[in-house]
*Asks:* 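Quick one: structure below, then a few questions.
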Protein chains: 2
Amino acid sequence: MTKNSFQPRRNLAHEIAVQLRRDIISGTFKPGEALAEPMLAERFGVSRAPVREAMIELERAGLVQFETTGRTRVRTLEEKDITEIVEARIALEAMGARLAAIRWTAEDTRWIEKSIMSQEKAATGVKFSQLDIAMHEYIMQCSGNERLVTLWQFVRWQFEMALTYIHSLQQKMAPDLRSFSVMGHRNVLKPLANRQPETAAKVMAQHIKDSIEWYTPEISEPPPTAKATRSGKRPIPAK
Amino acid sequence: MTKNSFQPRRNLAHEIAVQLRRDIISGTFKPGEALAEPMLAERFGVSRAPVREAMIELERAGLVQFETTGRTRVRTLEEKDITEIVEARIALEAMGARLAAIRWTAEDTRWIEKSIMSQEKAATGVKFSQLDIAMHEYIMQCSGNERLVTLWQFVRWQFEMALTYIHSLQQKMAPDLRSFSVMGHRNVLKPLANRQPETAAKVMAQHIKDSIEWYTPEISEPPPTAKATRSGKRPIPAK
DNA sequence: CACGACGAAACTGTCGACACTATTCTTTCT
DNA sequence: AGAAAGAATAGTGTCGACAGTTTCGTCGTG
């Protein structure tokens, strides 16, 4: 695997961005919710400057959106957004798999096999998703294309946020979904290990398309409107 | 064509980012060159705050890079970078063409035909490239996937920057290169107009791959090292 | 002459302040 | 009571300042 040489600034702003990203993905801040700079500054115990920079970093990751007035809100998630995210994932990961197949090593195979074994043992849907995403990330990095990985990261976080709003994953995972996904992963590994770029691309695209078929029917909860989530000042959780 | 609903903050920072992007793409600031915030603040007649935000926006577009110390430099361009950019373009634009073919309209066909006619009349390589990129952008927006377009924009600016360092484009365009490119565009239009997604994706990928084959042999100038460009305080050009 | 240490200059990260604008609440009039 | 107008509250955009750190230039020494 080729290492990704991208290194973000290691300043306060980045730390806050990481923390805030976690909060958004985990649902602490809900879609449509306003993110006021003074509020966040107090929450993290810093001034507004680093918060502002963190906002920009999150906007680029597609987790928040700026209004024309300058206000920032957590990005809302609708049917169309899921479609877009998946289409973007397919575009990037198909190419990622294609390139990864070219440079694939025996060590990479071992890594994936180990990951698949962990996936089979994952107790919850959440845990499984984490392992799933980690595996996809590994393959992307095997592509050796730093830019492709960077672009993928943006989609990845949006995807993780979407997963939070898919109910079924929050509970114990359906055995058939798990075995289906694992089978998909085995199918992906095969052309990679055999160094068949075109097949790897095709199988990866199909795998992503398939796995989302299992999820989407479950996206029942309509994203709460901004008004609904803002009503009543939510107490600021302790840092 | 579906309109892209993304709207950036319309503040000073964004204006500076746009201007600075132009300066980098046009070669006013050269790869490896340090971009000090006070210097840019003076150049644009603003304080450091908007400049800082502009830097983050440019970093996301891949035009500048942060060092671990916090310094910002114009991103360097090497052989590998061109490869990465092209691979990313293929990934995104193949998917873009695939989706665009689904929603393609007669109006879109007219737009492209008009663009191709302009391309045939373009006097310089630079002008041709602009029309070329505009056409690719149009197709991306026809995909109807806002996220795909956003991701593509990042690669696009890096690609434009790379073009600046391809000498042949700066001069009068070789007739055979032009007719070759135009033919490629006609080939792309066909499956789009016929609404053949898979063919459109394949042809678009091939077209990008082909057109870069014509360029790359010309990338002879090694990117100047940071040291070379920093020697002697370059006078700040008037705004 | 090369090289390392020291001091000066420059740059970044963060903060608090202020003007201006958007939003919310209150009051008044129909 | 409902709507419109105005006041108060909250938030954004930008600035200048300061501490800490890096970088650059210079001087002294082997």
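No hydrogens, no waters, no symmetry mates; every other heavy atom, side chains included, goes into these values. Protein chains get the first letters and strands the later ones, always in sequence-line order, with residue 1 at the start of each.
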*Asks:* Flag the pair B:Glu213 and B:Lys209 as a salt bridge only when some basic side-chain nitrogen lies within less than 4.0 angstrom of an acidic carboxylate oxygen.
*Replies:* no
*Asks:* Expressed in angstrom and rounded to an integer, what is the separation of A:Ile56 atom CD1 from D:dT14 atom C1'?
*Replies:* 13 Å
*Asks:* Please report, rounded to the nearest Å, how far the C1' atom of C:dT12 is from the CZ atom of B:Arg71.
*Replies:* 9 Å
*Asks:* Please confirm whether any donor atom in the side chain of A:Arg48 sits under 3.5 Å from an acceptor in the base of D:dG11, or the reverse.
*Replies:* no
*Asks:* Fit a plane to each ring of B:Trp104 and B:Tyr138, take the angle between them on a 0 to 90° scale, and name the class: parallel (under 30°), tilted (30 to 60°) or perpendicular (over 60°).
*Replies:* perpendicular
*Asks:* Which nucleotide in the list C:dT12, C:dC15, D:dT14 gets nearest to the side chain of A:Pro50?
*Replies:* C:dC15
*Asks:* How close or far is atom P of C:dG13 from atom CD of A:Glu53, stated in whole angstroms?
*Replies:* 7 Å
*Asks:* Look at the side chain of A:Pro38 and decide which nucleotide, out of D:dT22, D:dG11, D:dC15, has an atom nearest to it.
*Replies:* D:dG11
*Asks:* Measure CE/B:Met39 against P/C:dC11 and give the value in whole Å, please.
*Replies:* 8 Å
*Asks:* Send over the distance from A:Phe44 CZ to C:dC15 P, rounded to a whole Å.
*Replies:* 13 Å
*Asks:* Nearest to the side chain of B:Ser47 - C:dT14, C:dC11, D:dC15?
*Replies:* D:dC15
*Asks:* Could you please name the option among D:dT12, D:dT14, C:dT12 that lies closest to any side-chain atom of B:Asn11?
*Replies:* D:dT14
*Asks:* Taking atom P of C:dT12 as reference, at what distance in whole Å does atom CZ of B:Arg52 sit?
*Replies:* 8 Å
*Asks:* Should B:Glu146 and A:Lys80 count as an ion pair when the cut-off is N to O under 4.0 Å?
*Replies:* no
